Amino acid sequence: MPVLFDRLLKLKEMFNSKFGSTPKFYVRAPGRVNIIGEHIDYCGYSVLPMAVEQDMLIAVEPVKTQTLQLANTNPLYPDFSTSANNIQIDKTKPLWHNYFLCGFKGIQEHFGLSNLTGMNCLVDGNIPPSSGLSSSSALVCCAGLVTLTVLGMNLSKVELAEICAKSERYIGTEGGGMDQSISFLAEEGTAKLIEFSPLRATDVKLPNGAVFVIANSCVAMNKAATSHFNIRVMECRLAAKLLAKYKGLQWDKILRLEEVQAKLDISLEEMLGIVEETLHPEPYSPEEVCRGLGISLQELRTQILSPNTQDVLIFKLYQRAKHVYSEAARVLQFKKICEEAPENMVQLLGELMNQSHVSCRDMYECSCPELDQLVDVCRKFGAQGSRLTGAGWGGCTVSIVPADKLSSFLANVHEAYYQRSDRKLTFEKQNLFATKPGGGALVFLEA
């Protein structure tokens, strides 16, 4: 907490020089690392993240006018102001202030409010952007909690998480809710199994003899600015519909792969068998999907695909479904091993993380050469398991490292991956660090 206290003092000073007044309160929302369970939350499956110590902090002063004034301590992010009662979010430009507006608008719409008061806000974040540690969702959650506090309203953490997950879609990201859930529901000292429909979180005690290390590949990936992510969401949706149709279910009502399993009431292993017998590894064209479902191309485009995936020409349905069902099984195995705590648990958890990376790389195709290289480097220098974390296509890896090997691991990975001239220039402490589970979102009142 001393570091946080120093940041709050510094933020207060900067706020005063920016707005000529004192903040009334501060809100903090953490980033997260997903230990296992990648790209499955939006398919309806449980994930296993923990909050990291890096976070978004916002200093806030409600004002009498109806103007929302946003500023950022990072000079790369320009000031922004708008009317609190006319929030426009431009999906084509994932600018930093749009993530704040998502959280603000989510709360505003939840309560059906108009005629909102304005506020001055100064944002300070130390989560590396586009790193897969959820800086954008932390900002959405922070803004949601800021707005709720200004209004003097109350919501449970679960309700807040659900509103913020829904409102991030204003910016065009079809995420599943993990990032917002862990930001609110995290508790210090424990990872969480996050389950959906209904949203709930269960403590998962991580092994004592191991540390989780985050390493940044230094390749930035902006989730909302790329169609990769939203194409994967649609591929999973199409796979779910074809599997449902094959099994005689009411396929037009089904959106997620988990719903198919739930309706058939069978195990994940049995679902993998159905994927093998139903879907083929060769990519599907839109026409073949239409034939399978008995619909027209027009119906596919207007009723199933999202606006930003209507022109996609190939869908890899077999590979995506295979990843989702196998990854969902790995999450449950990971939790079980943590509960049973066998002697070789670090090795077993590491093996699951390694399998997850292979599936993300080969079946979900969300890795990149630098992430694959970094994973190899981490394993070479003592990680029992290493995998990409977050959406992928850049960003970070997470590795499980025996505690007694931590210092040599950090030194060797730094030498092997970050000493290249182009990465040396961008290397900062936040590119390679050990982390432990942190707490969730908080409001601090100015004394």
Side-chain angles (χ1 to χ4, degrees), residues 19 23-30 41-42 55-71 80-91 94-123 125 134-186 194 196-201 224 439-446:
F19 297 111
K24 294 289 176 286
F25 66 91
Y26 307 84
V27 171
R28 167 194 186 267
D41 59 339
Y42 54 78
D55 58 25
M56 286 287 168
L57 269 181
I58 305 182
V60 189
E61 177 196 25
V63 292
K64 296 278 190 286
T65 68
Q66 294 190 336
T67 303
L68 191 56
Q69 290 212 71
L70 306 178
F80 177 80
S81 74
T82 186
S83 160
N85 297 300
N86 183 29
I87 299 296
Q88 305 289 326
I89 299 170
D90 184 351
K91 280 189 181 183
L95 299 168
W96 78 274
H97 62 256
N98 282 333
Y99 291 97
F100 184 100
L101 297 180
C102 284
F104 183 87
K105 188 175 175 180
I107 297 296
Q108 183 185 18
E109 293 199 341
H110 177 79
F111 290 109
L113 298 171
S114 54
N115 212 19
L116 279 176
T117 178
M119 51 180 142
N120 295 334
C121 297
L122 181 60
V123 177
S134 214
S135 57
S136 50
S137 296
L139 181 50
V140 174
C141 293
C142 218
L145 189 48
V146 162
T147 311
L148 190 73
T149 309
V150 165
L151 293 171
M153 303 281 206
N154 282 315
L155 286 171
S156 70
K157 288 178 180 180
V158 166
E159 287 171 313
L160 259 171
E162 288 180 326
I163 291 165
C164 289
K166 209 166 87 184
S167 69
E168 194 165 328
R169 294 183 193 141
Y170 294 137
I171 209 157
T173 307
E174 302 276 341
M178 161 178 57
D179 304 345
Q180 300 82 4
S181 304
I182 190 67
S183 198
F184 286 114
L185 303 173
I194 306 269
F196 303 97
S197 306
L199 178 61
R200 57 213 184 277
L442 291 170
V443 178
F444 305 92
L445 298 176
E446 182 63 51

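Each residue takes its place number in the sequence, starting with 1. Since we're looking at a predicted model, the values are computed, not measured.
Side-chain contact between Phe184 and Val158 is absent, with no heavy-atom pair separated by less than 4.5 Å. Contact check for Leu70 versus Leu122: no side-chain heavy atoms found under the 4.5 Å cut-off. For the pair Cys102 and Val140, the minimum side-chain heavy-atom distance is below 4.5 Å. Considering only heavy atoms from C-beta on, Ser136 comes within 4.5 Å of Glu168 through its side chain. Taking 4.5 Å as the limit, some side-chain heavy atom of Leu68 sits within range of a side-chain heavy atom of Ile87. Put simply, the side chain of Val123 reaches to within 4.5 Å of the side chain of Met56, judged on heavy atoms. Counting heavy atoms from C-beta outward, Leu155 and Leu148 have side chains that approach closer than 4.5 Å. Within the 4.5 Å cutoff, the side chain of Leu160 has no heavy atoms near those of the Cys141 side chain.
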Output side-chain donor-acceptor pairs under 3.5 Å for residues 103-114, partner residues at least two apart or in another chain, one line each.
from	atom 1	to	atom 2	distance (Å)
Glu109	OE1	Tyr170	OH	2.5

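Annotation: the span from Leu95 atom CG to Leu101 atom CG amounts to 10.0 Å, rounded to 0.5 Å. Distance check, rounded to the nearest 0.5 Å: CD1 of Ile89 to CZ of Arg169 gives 14.0 Å. Atom CE of residue Met119 and atom OG1 of residue Thr149 lie 9.0 Å apart, to the nearest 0.5 angstrom. In this structure, CD1 on Ile182 lies 12.5 Å from OG on Ser137, to the nearest 0.5 angstrom. Interatomic distance, CD of Gln180 versus CG of Leu185, reported as 11.0 Å (0.5 Å rounding).
Using a distance-only test at 3.5 Å, with no hydrogens or angles considered, a donor-acceptor pair links the side chain of Ser83 to the main chain of Asn85. Under the 3.5 Å distance criterion, the side-chain polar atoms of Arg28 are left unmatched by any main-chain donor or acceptor of Tyr26. A distance-only check finds a donor-acceptor pair linking the side chain of Thr117 to the backbone of Val63 [under 3.5 Å]. Looking at Ser183, its side chain does come within 3.5 Å of a backbone N or O of Pro30 through a donor-acceptor pair.
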Worksheet item: Passes side chain to side chain contact (heavy atoms under 4.5 Å, CB included), Gln66 versus Asn115? Steps please.
Response: CA-CA 8 Å; Gln66 294 190 336; Asn115 212 19; 2.5 Å; yes
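The minimum heavy-atom distance between Gly118 and Ala84, with the atom names listed, is CA-CB, 4.4 Å. The two residues Ala441 and Leu145 make their nearest non-hydrogen contact at CB-CD2, 3.9 Å. Taking both residues in full, the closest heavy atoms of Ser167 and Cys164 are given as OG-O, 3.2 Å, listed atom of the first, atom of the second, then distance. For the residue pair Ala201 and Ile194, the shortest heavy atom distance occurs at CB-CD1, 4.0 Å. Here the closest heavy-atom approach between residue Phe100 and residue Ile58 is recorded as CE1-CD1, 3.8 Å. Of all heavy-atom pairs between Gln88 and Asn98, the closest is O-OD1, 4.3 Å.
For Asp41, the side-chain contact (heavy atoms from CB on, under 4.5 Å) partners are Val47, Met178, Phe196, not counting sequence neighbours.
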